[in-house]
Trainee: 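Let me begin by handing over the structure; questions about it come next.
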Amino acid sequence: MNIAVFISGRGSNLKALIDAKNRGEFDSNISLIISNKDAKGLMYGYYANIDSFVIKDDDKLLDKLRDYSIDFIVLAGYLKTVPDEIVDNYEGRIINIHPSLLPKYGGKGFYGMNVHQAVFDNKEKESGASVHYVTKEIDGGDIVLQRKVDISDVKSPSEIRDRVLEIEHTILKDAIKKIEEEE
Ligand code: GAR
């Protein structure tokens, strides 16, 4: 597959994907990186010599994806809703990583630290990460992979974030590999 990775911030999931690709853990190529803002994580694209763009105007996304013959999109911490036009053109070809055990703590308003704060407030004993297909329903598409982590002893939401992030960095590349094997 010819992959575009979308990010919005720190880019640790993007970095994990680039590292996994360099270790030969999946076959697809990461050919394009897109961010909706001047994200810190874009530096990983620059270091890896992958063409990287800030695209704030949703109307310009599809042309860029077509310019790079992208056939698969990975949302790796893209904290903006993907426009319907992209979902329609890439049906069943977009996955997203989410920092909870969906369907718990998913949907509108549940992103980044908001998720971990809610999990902490509810005194959950376990959390985890999910990779799912993107549809027009926020966090509503079929699950590709999900992995759990014990959080029964955590003292803060940021501890939950760190444990979940560790899982995210393995599950996203594993999801790509799984989809490749099913192709
Ligand atoms: C990750 O925890 C990812 O699961 C989350 O944003 C973070 C991005 O971190 N995504 C969502 O909450 C999507 N609803 P990163 O920039 O270091 O990869």
Side-chain angles (χ1 to χ4, degrees), residues 1-18 28 30-46 48 50-119 129-146 157-158 160-161 164-165 167-169 171-173 175-176 179:
M1 304 187 290
N2 199 25
I3 294 179
V5 179
F6 284 33
I7 65 166
S8 290
R10 177 182 47 197
S12 71
N13 277 290
L14 167 64
K15 179 180 186 304
L17 280 186
I18 292 171
S28 299
I30 303 170
S31 317
L32 174 66
I33 295 164
I34 288 176
S35 176
N36 59 309
K37 52 167 107 154
D38 203 4
K40 208 173 145 206
L42 284 167
M43 68 181 170
Y44 298 119
Y46 300 137
I50 302 169
D51 287 0
S52 307
F53 298 91
V54 175
I55 299 184
K56 296 181 182 170
D57 180 354
D58 282 351
D59 293 339
K60 303 216 162 96
L61 282 173
L62 192 57
D63 280 348
K64 187 61 82 183
L65 294 169
R66 287 186 170 149
D67 284 351
Y68 281 78
S69 306
I70 295 301
D71 55 24
F72 200 87
I73 299 171
V74 176
L75 307 182
Y78 189 65
L79 303 183
K80 188 179 175 189
T81 306
V82 176
D84 286 354
E85 182 189 38
I86 302 295
V87 179
D88 287 338
N89 275 275
Y90 284 87
E91 208 190 332
R93 311 291 298 168
I94 312 177
I95 56 171
N96 176 48
I97 179 121
H98 186 81
S100 78
L101 296 172
L102 289 174
K104 290 179 101 178
Y105 305 101
K108 202 166 163 42
F110 280 120
Y111 58 86
M113 276 312 285
N114 296 353
V115 174
H116 307 305
Q117 185 68 54
V119 169
S130 308
V131 176
H132 65 92
Y133 284 102
V134 172
T135 62
K136 287 178 192 166
E137 184 193 345
I138 299 175
D139 299 328
D142 290 348
I143 304 276
V144 182
L145 274 182
Q146 195 164 63
S158 54
I160 301 176
R161 176 200 58 208
V164 170
L165 206 50
I167 292 191
E168 291 186 44
H169 294 163
I171 197 177
L172 191 50
K173 68 180 172 65
I176 292 172
I179 291 165

Trainee: If we only count heavy atoms from C-beta on, is the Phe6 to Leu61 side-chain gap below 4.5 Å?
Mentor: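 Phe6 vs Leu61: side chains touch.
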Trainee: Would you say that more than 12 heavy atoms from the other residues, nucleotides or ligands in this model lie under 6.0 Å from the NZ of Lys15, or not?
Mentor: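 Not buried by this count: 12 neighbours or fewer within 6.0 Å.
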Trainee: Please report the shortest heavy-atom distance between Asp71 and Asn2, naming the atom on each side.
Mentor: OD1-N, 2.7 Å
Trainee: Between His132 (side chain) and Gln146 (backbone), is there a donor-acceptor pair under 3.5 Å?
Mentor: no
Trainee: Enter the distance from Ser12:OG to Leu165:CG here, rounded to the nearest 0.5 Å.
Mentor: 4.0 Å
Trainee: Apply ring pair (Phe, Tyr, Trp, His ring centres under 6.0 Å) to Tyr44 and list each qualifying residue two or more places apart in sequence or on a separate chain.
Mentor: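 Ring pair (Phe, Tyr, Trp, His ring centres under 6.0 Å) list for Tyr44, sorted by chain: empty.
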Trainee: Of the non-hydrogen atoms in Gly9 and Ala39, which two are nearest, and what is the gap between them?
Mentor: O-CB, 3.5 Å
Trainee: Working to the nearest 0.5 Å, report the span between CD1 of Ile160 and OG of Ser100.
Mentor: 11.5 Å
Trainee: Rounded to the nearest 0.5 Å, how far apart are CD1 of Ile33 and CG of Leu14?
Mentor: 4.5 Å
Trainee: Quick one: OG on Ser52 to CE on Met43, what's the gap to the nearest 0.5 Å?
Mentor: 12.0 Å
Trainee: Do Ile70 and Arg93 touch side chain to side chain, with heavy atoms closer than 4.5 Å?
Mentor: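 No, too far: nothing below the 4.5 Å cut-off.
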Trainee: Closest approach of Ala175 and Leu145, non-hydrogen atoms and distance?
Mentor: N-CD1, 3.5 Å
Trainee: Could you grab the distance from atom CD1 of Ile95 to atom CG of Asp142, nearest 0.5 Å is fine?
Mentor: 13.0 Å
Trainee: Let me see the working for Met1 and Ile176 under side chain to side chain contact (heavy atoms under 4.5 Å, CB included), right down to the final yes or no.
Mentor: CA-CA 9 Å; Met1 304 187 290; Ile176 292 172; 4.2 Å; yes
Trainee: In terms of heavy-atom contacts, does NZ of Lys80 have more than 12 from other residues, nucleotides or ligands at under 6.0 Å?
Mentor: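 For Lys80, atom NZ is crowded (more than 12 foreign heavy atoms under 6.0 Å).
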Trainee: Given Val82 and Tyr90, is the side chain to side chain contact (heavy atoms under 4.5 Å, CB included) satisfied, shown in steps?
Mentor: CA-CA 11 Å; Val82 176; Tyr90 284 87; over 6 Å; no
Trainee: With Val134 as reference, evaluate Asp139, Asn96, Val74, Thr81 under the side chain to side chain contact (heavy atoms under 4.5 Å, CB included) test and give the passing residue.
Mentor: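 Result for side chain to side chain contact (heavy atoms under 4.5 Å, CB included) with Val134: Asn96.
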Trainee: Please enumerate all residues that pass side-chain contact (heavy atoms from CB on, under 4.5 Å) together with Ala48, with sequence neighbours excluded.
Mentor: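 Scan of Ala48 (side-chain contact (heavy atoms from CB on, under 4.5 Å), adjacent residues dropped) gives Ile18, Ile50.
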Trainee: Counting heavy atoms not belonging to Phe72, are there more than 12 under 6.0 Å from its CZ?
Mentor: yes
Trainee: I'd like to check Pro157 versus Met113 (side-chain heavy atoms, cut-off strictly below 4.5 Å). Are they in contact?
Mentor: yes
Trainee: Rounded to the nearest 0.5 Å, what's the gap from CD1 on Ile55 to NZ on Lys60? Could you check?
Mentor: 8.5 Å
Trainee: State, to 0.1 Å, how close Pro99 and Val115 come at their nearest heavy-atom pair, and which atoms those are.
Mentor: O-CG1, 3.4 Å
Trainee: Applying side-chain contact (heavy atoms from CB on, under 4.5 Å), can you list everything that pairs with Lys136, at least two apart in sequence or on another chain?
Mentor: Asp84, Val87, Asp88
Trainee: When you measure from the side chain of Ser35 to the backbone of Ile7, do you find a donor-acceptor pair of N or O atoms at a distance under 3.5 Å?
Mentor: yes
Trainee: Looking at every heavy atom in both Asn13 and Ala76, which two are closest together, and how far apart are they?
Mentor: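 Of all heavy-atom pairs spanning Asn13 and Ala76, the closest is CB-CB, 3.9 Å.
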Trainee: Could you check if a side-chain atom of Phe110 sits within less than 4.5 angstrom of a side-chain atom of Val119, using non-hydrogen atoms only?
Mentor: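 Not touching, per the 4.5 Å side-chain cut-off.
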Trainee: Show the nearest heavy-atom pair for residues Ala129 and Ile167, with the distance to one decimal.
Mentor: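 Closest approach of Ala129 to Ile167, heavy atoms only: CB-CG2, 3.9 Å.
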